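Reading through the structure tokens given below for one structure.
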Amino acid sequence: MNIIERNFFNLLRAGAMNEQPSIEPMSLFKWNALVELANAQKMEFVALKGMQNQTDDSTSLVPDSIIKRLEEQCADTTVRVPWEVNKPATLSNIYLKQQLKNIQQNERHEIDASMISVELLNIIVHNAEQILSNGVSLSGILYLGMFLRTKGHKVDFVKMEKWLQKLHMQRMAQLEGSILVSVFEFEPDEIPFLSKIEPAAEKLATRSISHAVHSSLSFFPYAPIEAVSFLFGILARRLSEIEE
């Protein structure tokens, strides 16, 4: 991970988690490159907040022109969220899609209902769909991290484990958790569904900010059934467009 990437991830930690990670001095050229990363990831607000949340010593490392540039960009846009937060997640595979729908609809009728657990499941699945379609979404991963830190203590992780198994999403969830640990310095015990750190987590996260990963095959090992269904869905849509 190079200095631009380290500063970028640390600013996202500062902006999203209100932490105080160290910021390293860089040239103006590299700070402008960092702003471009923020633009590409649609994380301008978080990066700016991260700069504003720094202590006086760290703030002096960020050129005024960079802060002004981000302030101007943020003034012309609205706060972006990784997806429609209140929209239930879905899947491409017909069978898994129905399984997910059953969980979403039936849980509210259980004696020990835990809708906040369903909310976390939706976040994990939303992230999975983002990952398969466009590569790792840092905004989605940060959203997962913020949820775990603010509401994770209310989640029924026994149910969560059963649901992830039913949806064949255990390893995809583990990848998402591994990115939180490898890039955003979460402690593994903050992520109860994380059994081990995926070795490629940091590489996949840094690759997502250097160039987009558009092939779901890159993430096939993490959700094989859904990845194949996703690819067939794309193929079907393209064939339909050709016929039209």
Side-chain angles (χ1 to χ4, degrees), residues 1-26 30-64 66-71 73-74 77 79-83 85 116 119-120 123-124 126-127 130-131 136-155 157 173-194 197-198 201-210:
M1 192 184 301
N2 62 44
I3 187 172
I4 300 173
E5 293 167 346
R6 287 197 301 272
N7 275 344
F8 180 58
F9 287 128
N10 281 339
L11 284 172
L12 296 187
R13 282 177 60 200
M17 306 295 176
N18 293 316
E19 297 178 355
Q20 290 287 324
S22 60
I23 303 299
E24 302 171 65
M26 296 195 302
K30 289 183 177 179
W31 278 113
N32 276 302
L34 186 148
V35 172
E36 294 302 323
L37 291 182
N39 294 158
Q41 287 287 321
K42 300 179 181 178
M43 300 289 278
E44 304 95 328
F45 280 97
V46 182
L48 176 60
K49 186 180 177 185
M51 294 175 185
Q52 295 170 337
N53 283 353
Q54 293 302 299
T55 60
D56 292 340
D57 290 341
S58 295
T59 302
S60 64
L61 297 176
V62 184
D64 291 340
I66 293 299
I67 295 178
K68 183 178 179 181
R69 180 183 174 189
L70 279 172
E71 286 175 340
Q73 291 176 351
C74 293
T77 57
V79 177
R80 292 158 171 165
V81 293
W83 48 73
V85 177
I116 200 160
E119 190 176 348
L120 176 57
I123 293 171
I124 291 171
H126 272 306
N127 265 327
Q130 290 272 338
I131 287 170
V136 175
S137 165
L138 295 181
S139 59
I141 297 297
L142 278 171
Y143 192 77
L144 170 63
M146 288 187 286
F147 184 94
L148 287 170
R149 283 196 172 166
T150 57
K151 301 179 181 180
H153 61 287
K154 300 179 181 179
V155 172
F157 283 101
Q174 188 160 275
L175 173 63
E176 295 174 28
S178 296
I179 293 172
L180 285 173
V181 173
S182 302
V183 173
F184 295 112
E185 300 194 13
F186 271 60
E187 294 296 329
D189 60 10
E190 293 184 86
I191 311 167
F193 55 79
L194 182 64
I197 305 298
E198 291 289 345
E202 181 178 320
K203 180 181 178 181
L204 291 170
T206 54
R207 186 188 297 174
S208 75
I209 65 173
S210 57

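Given the structure is predicted, the values throughout are model-derived calculations rather than measurements.
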Separation between OG (Ser22) and CZ (Arg13), nearest 0.5 Å, reads 8.0 Å

In this structure, CZ of Phe9 is separated from CE of Met43 (nearest 0.5 Å) by 9.5 Å

task: Flag the pair Ile116 / Phe147 as yes when at least one side-chain heavy-atom distance between them is below 4.5 Å, and no otherwise.
output: yes

I would like to know whether Glu24 and Leu61 meet side chain to side chain contact (heavy atoms under 4.5 Å, CB included); could you show each step before the answer?
-> CA-CA 7 Å; Glu24 302 171 65; Leu61 297 176; over 6 Å; no

For Ile124 and Ala173 the tightest heavy-atom approach is CG2-CB, 3.8 Å

d(Ile123 CD1, Leu148 CG) to nearest 0.5 Å is 7.5 Å

Go through the steps to decide whether Met51 and Trp31 satisfy the test side chain to side chain contact (heavy atoms under 4.5 Å, CB included), and finish with yes or no. CA-CA 12 Å; Met51 294 175 185; Trp31 278 113; 4.2 Å; yes

Output for pair (Ile191 CD1, Ile197 CD1), nearest 0.5 Å, gives 7.0 Å

_If you define the side chain from C-beta out and look only at heavy atoms, does anything of Glu5 sit under 4.5 Å from Glu202?_
no

In this structure, CZ of Phe184 is separated from CG of Asn10 (nearest 0.5 Å) by 9.5 Å

Scanning both residues in full, the closest heavy-atom pair of Pro25 with Ile3 reads O-CD1, 3.4 Å

dist Gln73:CD -> Leu48:CG (nearest 0.5 Å) comes out at 9.5 Å

| field | From CA spacing to verdict: side chain to side chain contact (heavy atoms under 4.5 Å, CB included), Leu144, Leu120 | value | CA-CA 8 Å; Leu144 170 63; Leu120 176 57; 3.5 Å; yes

query: Below 4.5 Å, heavy atoms only, C-beta onward: do Leu138 and Val46 meet side chain to side chain?
result: no

Is a side-chain donor or acceptor of Thr206 paired with a backbone partner of Lys203 at a separation under 3.5 angstrom?
-> yes

Does any part of the side chain of Phe186, heavy atoms only, come nearer than 4.5 Å to the side chain of Leu194, both counted from C-beta? no

### 4.5 Å side-chain heavy-atom contact, Met17 and Leu142
yes

Notebook entry, point to check: So do the side chains of Asn18 and Lys49 get within less than 4.5 Å of each other, counting heavy atoms only?
Noted result: yes

Kindly assign one of parallel, tilted or perpendicular to the pair Phe157 and Phe193, based on the angle between their ring planes and the thresholds 30° and 60°.
tilted

I would like to know whether Glu119 and Lys151 meet side chain to side chain contact (heavy atoms under 4.5 Å, CB included); could you show each step before the answer? CA-CA 10 Å; Glu119 190 176 348; Lys151 301 179 181 180; 3.6 Å; yes

All heavy atoms of Ala47 vs all of Leu12, minimum pair found to be N-CD2, 4.2 Å

(message) Can you tell whether the side chains of Glu36 and Arg69 come within less than 4.0 Å, N to carboxylate O?
(response) yes

